[in-house]
Amino acid sequence: MSGAALGIEIVVVFFLALFLLHRYGDFRKQQRMVLFGTLLAWYLCFLIVFILPLDVSTVGTEQGGGDSTGLDPKPIHLFLFLFLLCRSLLKPCYKPWSYIPDGIMPVFWRVVYWTSQCLTWLLLPFMQSYARSGGFSITGKIKTALIENAIYYGTYLLIFGSLLIYVAVHPEWHLSWYELQTIGITAANTWGLFLLVLLLGYGLVEIPRSYWDASRHGHLLVKTYFKASKLMTEKADAEENLEDVMEEVRKVSESIKYNHPLRKYVDTILRKCPVDYQEKMGRNMDDYEDFDDKQNSYPSEKSLVKLHKQVIYAVQRHNRTRVQWQILLQQAIHLEDVAKNETSTTHQFVHSFPSSEPASWFSRYVYTPTVEWFWECLLKCWFFRLLSVVLTLFSVAVVWSECTFFSTRPVLSLFAVFIQLAERDYNYLYIEVACFVTIFFLCTCVYSTVFRIRVFNYYYLASHHQTDAYSLQFSGMLFCRLTPPLCLNFLGLIHMDSAISHQQKEQTAYTSIMGSMRVLSFIANGFYIYYPMLIVILCIATYFSLGTRCLNLLGFQQFVGDSEMTSDLIDEGKELIRREKRKRQRTEDGENRRREWKERYGNQREEHSARNRTSHELKETKAKHSRSGPRSERDAIELLQDAEPLDFNAETLSDDPLEAEPGRPAGGRYLSMSSSRSRIFDDV
């Protein structure tokens, strides 16, 4: 069982990353290279977070053989110190089931860390530009990606070169490969820590507040109206943009005919367009016309590449806004149903638009309308409030520990106190659980901010398979850059990083891979200690929504309760939801009427048609039997008649054996041609 915990967590983390990628990405439409790169980046980052508690508990196991009381005998009474020392010696130190043998963790961390760094600084930026490029060939896309990333790569080399020169000119330092490696790791972690504190300061306040707001149904409904108004504006803008791009595609498609050398590029663009636009354009492309080489009005290949990129972006944005509008509409209707059912005396949750699909066994036997009413109208709000209070306490503990983790005597960091208490009792399970809960909360605050932020339409993670390839890979880059400094910050909070705590303790395998930060003392003793204190200012700014208010003053529509613009958008959103509900109600009423009409008159119509079919078959059978006798003679006569040609100019057709009825013209003669010249005055 020595490596069982490591193997289980590796498998569990893989399926967790796969689930999140399935929620935000699209396995059927997006490129395999994009999905694989994003999955690998997310998987490695989650793996670091989940495996680090095992590394910490392994260090505690290795330290358990000596004096692990962690107490200094000088300030403590001699008898108390001897008692604790004897108890620590008599109590056996056993290896937990999650203990990982020596030599495994250093290799594991080295592979995971350097793979993630290669992804975030080299491969993912290149793949990001490659996926966003509108080129029609692999060579063209690679060329575009190299040009776009030349600036980023040059910036990285400039920063690394500056740090390298700083270390080289120092008279006391002699550069080695290990020190160069440490400088590179320090530069990457410094950049990540700078962004980490900003995201963490936002998440520590916003996550508890979001759950508290979720317990207030009225506030949540008003905010949903506000989102509906903004999303409808964005949806209309996306539709207008798609129309403009499709008009450009139509013009290009009409100008470049079938035998033009660039026609294959136009066909590639047309395949990226929606199906209804493809059908409209296909109707006007039936005529085959030759192109004239002397004309210069044809678009160039560079303009087609740009148009291809615009088509991909416009179609993806249009699909995303359309899906998000349906989801937001469903949320608004559900919140309105909750508001209506709160005053219900029957304690039965009633939906405005029941689902047409048959109810599952869970809805029939477990989540019944009564259980749904108690959960939605009574228990859910109290559960979210309790969860918000617990998360608030965690946030306060993190802020306090971030400001005091550099103090080792006395130990002021709350998380360091908890871990040291567990080390004294050799409670390895408690160490793992405490470490996992702490780092999981930190990761939730940081990663949820990455999933929430939106940089216009440049970066946006949308659920329900609506995230584009560029945003997916950008999130993978952020995760790979934020996770290593986040883990180092966590180790500093629990005093397991000697470069910050300045304690002679057994280091984790992860810290040994990071290298000694003492190579750059101004970073280890200055930036890493005092910069996290900025989190207090960021939390205060987030609590009072200073960033939201500043964006609102600049003209960006933000949800501010005392703003006139917000009130107007709320009223507009409420009217939009009401209009959509009326439209959906009319649709359902029409379907119900058709269903009732079919149920009422469908059976009668089927019985009537069955009776008509039966009577018709009986009549045909009787007629067949009645004509079976003389029919053979008549058939023979008709065959003889067909053998001789008919003369339509003859006066009479006395040879016809089938006597015509009186008053009717003879067979084989039309009324307009029945009379001859000699009988032209017979009617006078």
key: Pairwise side-chain contact, Val338 with Phe349, heavy-atom cut-off 4.5 Å (strictly under)   = yes

query = Which atom names give the shortest non-hydrogen contact between Val197 and Pro532, and what distance separates them?
reply = CG2-CA, 4.2 Å

query = In terms of the angle between their ring planes, are Phe394 and Phe441 parallel, tilted or perpendicular, with boundaries placed at 30° and 60°?
reply = tilted

ask   = Heavy-atom distance under 4.5 Å between the side chains of Asn241 and Tyr313, does that happen here?
value = yes

ask   = Where do Gly192 and Leu482 come nearest, in terms of heavy atoms and distance?
value = O-CD2, 3.6 Å

query = Hey, what's the ring geometry for Phe46 with Phe479, parallel, tilted or perpendicular (30° and 60° as the breaks)?
reply = tilted

Closest approach of Cys273 to Gln278 (non-hydrogen atoms, all atoms of both residues) = O-NE2, 2.7 Å

request  = State whether a side-chain donor-acceptor pair under 3.5 Å links His464 with Gln326.
outcome  = no

request  = Answer yes or no: is there a side-chain heavy-atom contact under 4.5 Å between Glu243 and Glu239?
outcome  = no

ask   = Tell me, do Leu491 and Val56 make a side-chain contact under 4.5 Å, heavy atoms counted?
value = yes

query = Is the side chain of Ser471 donor-acceptor paired with the backbone N or O of Leu461 at a distance under 3.5 Å, no angle test?
reply = no

key: Side-chain donor-acceptor pair present, Glu596, Asn592, cut-off under 3.5 Å   = no

request  = Return the orientation label for the Trp109 and Tyr510 ring planes: parallel under 30°, perpendicular over 60°, tilted otherwise.
outcome  = perpendicular

request  = Indicate yes or no for a side-chain donor-acceptor contact from Arg209 to the backbone of Thr542 under 3.5 Å, with no hydrogens or angles considered.
outcome  = yes

inquiry  = With side-chain contact (heavy atoms from CB on, under 4.5 Å) as the criterion, how do Leu47 and Ile51 come out once you've worked through the C-alpha distance, each side chain's angles and the decisive distance to 0.1 Å?
reply    = CA-CA 6 Å; Leu47 199 60; Ile51 302 299; 4.1 Å; yes

With sequence neighbours excluded, residues passing salt bridge (Lys or Arg N to Asp or Glu O under 4.0 Å) with Lys380 = Glu376

message = Would you compute the distance between atom CG of Leu478 and atom OG1 of Thr449 and round it to the nearest 0.5 angstrom?
response = 11.5 Å

inquiry  = Is the ring pair Trp375/Phe383 parallel, tilted or perpendicular, if the boundaries are 30 and 60 degrees?
reply    = tilted

Phe474: ring pair (Phe, Tyr, Trp, His ring centres under 6.0 Å) partners, not counting sequence neighbours = Tyr459

ask   = Quick one: side-chain hydrogen bond (donor to acceptor under 3.5 Å, both in side chains) pairs with a partner in residues 24-47, sequence neighbours left out?
value = Trp42-Ser475

task = Answer yes or no: is there a side-chain heavy-atom contact under 4.5 Å between Tyr470 and Gln128?
result = yes

task = Using the side-chain contact (heavy atoms from CB on, under 4.5 Å) rule, take Val49 and Thr483 through it: C-alpha gap first, then chi angles, then the decisive distance, then the call.
result = CA-CA 8 Å; Val49 173; Thr483 304; 4.1 Å; yes

Gln466-Tyr460 side chain donor-acceptor pair, cut-off 3.5 Å = no

key: Student check: side-chain heavy atoms of Pro53 and Glu9 closer than 4.5 Å   = no

inquiry  = Could you tell me if the side chain of Val350 sits less than 4.5 Å from the side chain of Ser344, heavy atoms only?
reply    = no

His318: partners by side-chain hydrogen bond (donor to acceptor under 3.5 Å, both in side chains), with sequence neighbours left out = none

ask   = Run the side-chain contact (heavy atoms from CB on, under 4.5 Å) check on Val371 and Thr368 step by step: do they pass?
value = CA-CA 5 Å; Val371 176; Thr368 60; 3.3 Å; yes

inquiry  = How long is the straight-line distance from SG of Cys487 back to CD1 of Ile48, given to the nearest 0.5 Å?
reply    = 6.0 Å

ask   = Is there a donor-acceptor pair closer than 3.5 Å between any side-chain N or O of Arg481 and the backbone N or O of Thr120?
value = yes

query = Under 6.0 Å from the six-membered ring centre of Trp325 and within 45° of its axis: does the NZ or CZ of Arg322 meet both?
reply = no

Salt bridge (Lys or Arg N to Asp or Glu O under 4.0 Å) contacts touching residues 219-234 (sequence neighbours left out) = Glu234-Arg320, Glu234-Arg454

I'd like a table of donor-acceptor pairs (distance under 3.5 Å, sequence neighbours excluded) in which one partner is a side-chain atom from residues 571-579, with atom names and distances.
{"residue": "Glu572", "atom": "OE1", "partner": "Ser229", "partner atom": "OG", "Å": "3.3"}
{"residue": "Glu575", "atom": "OE1", "partner": "Arg578", "partner atom": "NH1", "Å": "2.7"}

query = Do Val205 and Ser395 come within less than 4.5 Å of each other through their side chains, counting heavy atoms only?
reply = no

task = Taking all heavy atoms of Val112 and all of Leu44, pick out the closest pair and write down the distance.
result = CG1-O, 4.0 Å

request  = Determine, step by step, whether Asp468 and Arg132 satisfy the salt bridge (Lys or Arg N to Asp or Glu O under 4.0 Å) criterion, reporting the C-alpha distance in whole Å, the side-chain angles of both residues, the deciding distance to 0.1 Å, and the verdict.
outcome  = CA-CA 9 Å; Asp468 60 331; Arg132 192 178 58 173; over 6 Å; no

